[in-house]
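The next block holds one structure in the form of structure tokens; read it before the comments.
What you see below is based on every heavy atom in this structure, not just the backbone, and it leaves out hydrogens, waters and symmetry mates. Keep in mind it's a predicted model, so treat the numbers as computed, not measured.
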Amino acid sequence: MVVVNRRMWYAGGRKTAVISYECPYKKEKTMILAEKIAQLRKQKGWSQEELANRLQVSRQAVSKWEGGASIPDLDKILKLSALFEVTTDYLLKDTLEAPDAAPAAVLPAPEAEPLRTVTLEEANDYLSLVQAACGRIAAGVGLCILCPIALLLLGAWADGTPREGFAAGAGMITLLVLVALGLLLILPAAMQLESYDYLEKEVFQLGYGVAGIVEKQKKECGPHLLRQSTWGVVGCVLSVVPLMAAVMLDGSDFWMAAAVCLLLAIVAISVQPLIRAGMQKEALDKLLQTGDYTVESKRVTRRVGWFAGAYWCGVTAVYLGVSFRHDSWNTSWWIWAVAGVLFAAVWLAVRAWAGRSEE
């Protein structure tokens, strides 16, 4: 439908009619595209600032699109299609029908349940806390890995001698002390991070300008974190070399125990950069809601959060049942080994099932 506006004006004493044409269809189509962009953005749980960062445009441009003041260029339409996981046909259609490929996560409307906003100050405090805590947690894990070394060395050294009991006692005392020191480092640091658990479990939005700053920090730290992770993995792989050498040389029981102790020492050192890099990368992913912490992943995790507890309770019940029935406490340890190997596969299968059900 075309609306004709007829106006009269005088030019040189003559009355002249000026006719202008207005196309409500084009305006209506623009408004429909604006509503689709706003609706799809809210379904993803993104702020206008975050969508602008992903499209590499200004927040004002996104605001104009959603207000119907302007229309995105064709290349931006293509990027919107990829980000929202819908077809370009759906975006450009002049109807508000259901999308051709619905987003995986449909969030409540902000009017009904406003999203929590993470300010720049909160983000900086969290990143600073993670940087301070990762060192203590890594050191605590290293002590827990080193704790059996004294027990193994003293046991191999005093095996078959009158000092065997004393060596076993001293080794156990050392083991317990190192475990206690490790827990003293790990638990307080972990408790400090508990106040930010909502970053892992809840859907939130970043305050104005926060996403860009965090993205920049992630880009700058990326090469350093990758190097740390690489060195940690290489160290863990090479840790078995002393044990293999002892086997090849057909060493005595003492040297085999010493090789195992060296293996544990190398692993304890190697996990330091792994834990530090992993925790810092994880913190950046939590703030940006990327990687394992996307909106979709959080929804799936909430659905299957019960699984780990139920799984290990079931394994414990099986272990106790088998051990009591057959009086095989010395041999039924294999149940835990098998359960540990199967856990990752079963966990991934349950998450995949939950993801398909969510869709």
Side-chain angles (χ1 to χ4, degrees), residues 44-47 49-50 53-54 56 83 105 116 118-142 144-145 182 185-207 209-239 266-302 304-305 308 343-344 347-348 351 355:
K44 286 290 186 181
W46 298 338
S47 62
E49 173 72 17
E50 187 170 358
N53 288 331
R54 292 173 183 270
Q56 297 183 341
L83 283 174
R116 181 170 184 167
V118 178
T119 64
L120 180 60
E121 182 180 3
E122 287 179 297
N124 284 332
D125 290 344
Y126 173 62
L127 292 176
S128 299
L129 185 59
V130 169
Q131 189 170 9
C134 67
R136 297 197 296 271
I137 291 176
V141 172
C144 291
I145 294 173
L185 290 173
I186 294 172
L187 294 181
M191 292 175 65
Q192 287 180 337
L193 294 173
E194 281 184 357
S195 59
Y196 292 95
D197 280 352
Y198 68 89
L199 295 176
E200 180 179 350
K201 300 175 181 177
E202 299 178 13
V203 178
F204 59 88
Q205 61 183 356
L206 296 177
V210 178
I213 294 174
V214 177
E215 285 277 10
K216 182 179 179 181
Q217 184 169 350
K218 183 178 181 181
K219 185 176 180 180
E220 292 176 350
C221 297
H224 174 67
L225 298 179
L226 180 60
R227 284 195 298 270
Q228 282 191 309
S229 299
T230 302
W231 281 113
V233 172
V234 170
C236 290
V237 171
L238 295 178
S239 64
I266 295 174
V267 171
I269 295 172
S270 300
V271 299
Q272 302 300 307
L274 268 178
I275 294 175
R276 290 171 182 267
M279 289 187 64
Q280 293 180 46
K281 183 181 182 302
E282 186 179 70
L284 295 169
D285 284 340
K286 285 181 181 179
L287 286 172
L288 295 173
Q289 299 188 98
T290 56
D292 294 332
Y293 302 99
T294 61
V295 174
E296 295 82 358
S297 296
K298 290 180 181 180
R299 291 174 64 86
V300 172
T301 300
R302 283 199 296 269
V304 299
F343 176 76
W347 170 248
L348 291 175
R351 282 186 62 89

- Glu202 (side chain) donor-acceptor with Leu199 (main chain) under 3.5 angstrom: no

Rounded to the nearest 0.5 Å, what separates atom [atom1] in [X] from atom [atom2] in [Y]?
| X | Y | atom1 | atom2 | value |
| --- | --- | --- | --- | --- |
| Leu206 | Glu49 | CG | CD | 9.0 Å |
| Gln205 | Arg116 | CD | CZ | 12.0 Å |
| Cys144 | Ile186 | SG | CD1 | 4.5 Å |

Note, [X] side chain near [Y] side chain (heavy atom, < 4.5 Å):
| X | Y | result |
| --- | --- | --- |
| Lys218 | Leu288 | yes |
| Leu185 | Val141 | no |
| Gln192 | Leu129 | yes |
| Leu127 | Leu287 | yes |
| Gln289 | Trp46 | no |
| Ser270 | Val237 | no |
| Arg276 | Pro273 | no |
| Tyr198 | Val118 | yes |

Can you give me the closest heavy-atom contact between [X] and [Y], atom names plus distance?
| X | Y | result |
| --- | --- | --- |
| Ala190 | Ile137 | N-CD1, 4.5 Å |
| Cys236 | Val271 | SG-CG1, 4.4 Å |
| Val210 | Leu120 | CG2-N, 3.5 Å |
| Gly212 | Asn53 | N-ND2, 3.4 Å |
| Gln280 | Cys134 | NE2-SG, 3.9 Å |

Contacts table for residues 221-231: side-chain donor-acceptor under 3.5 angstrom, sequence neighbours left out:
from, atom 1, to, atom 2, distance (Å)
Ser229, OG, Leu225, O, 3.0
Thr230, OG1, Leu226, O, 2.7

- Decide yes or no on side chain to side chain contact (heavy atoms under 4.5 Å, CB included) for Asp125 and Tyr196, but give the supporting numbers first. CA-CA 10 Å; Asp125 290 344; Tyr196 292 95; 3.6 Å; yes

- Query: Where do Thr294 and Asp285 land on the side chain to side chain contact (heavy atoms under 4.5 Å, CB included) test, with the steps shown first?
  - Reply: CA-CA 8 Å; Thr294 61; Asp285 284 340; over 6 Å; no

- Glu282 side chain to Tyr293 side chain, donor-acceptor N/O pair below 3.5 angstrom: yes

- Task: Could you walk me through whether Met279 and Leu193 pass the side chain to side chain contact (heavy atoms under 4.5 Å, CB included) test, one step at a time?
- Result: CA-CA 11 Å; Met279 289 187 64; Leu193 294 173; 3.9 Å; yes

- Task: Indicate yes or no: does Glu215 engage Lys219 in a salt bridge with an N to O separation below 4.0 Å.
- Result: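 Salt bridge absent between Glu215 and Lys219.
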
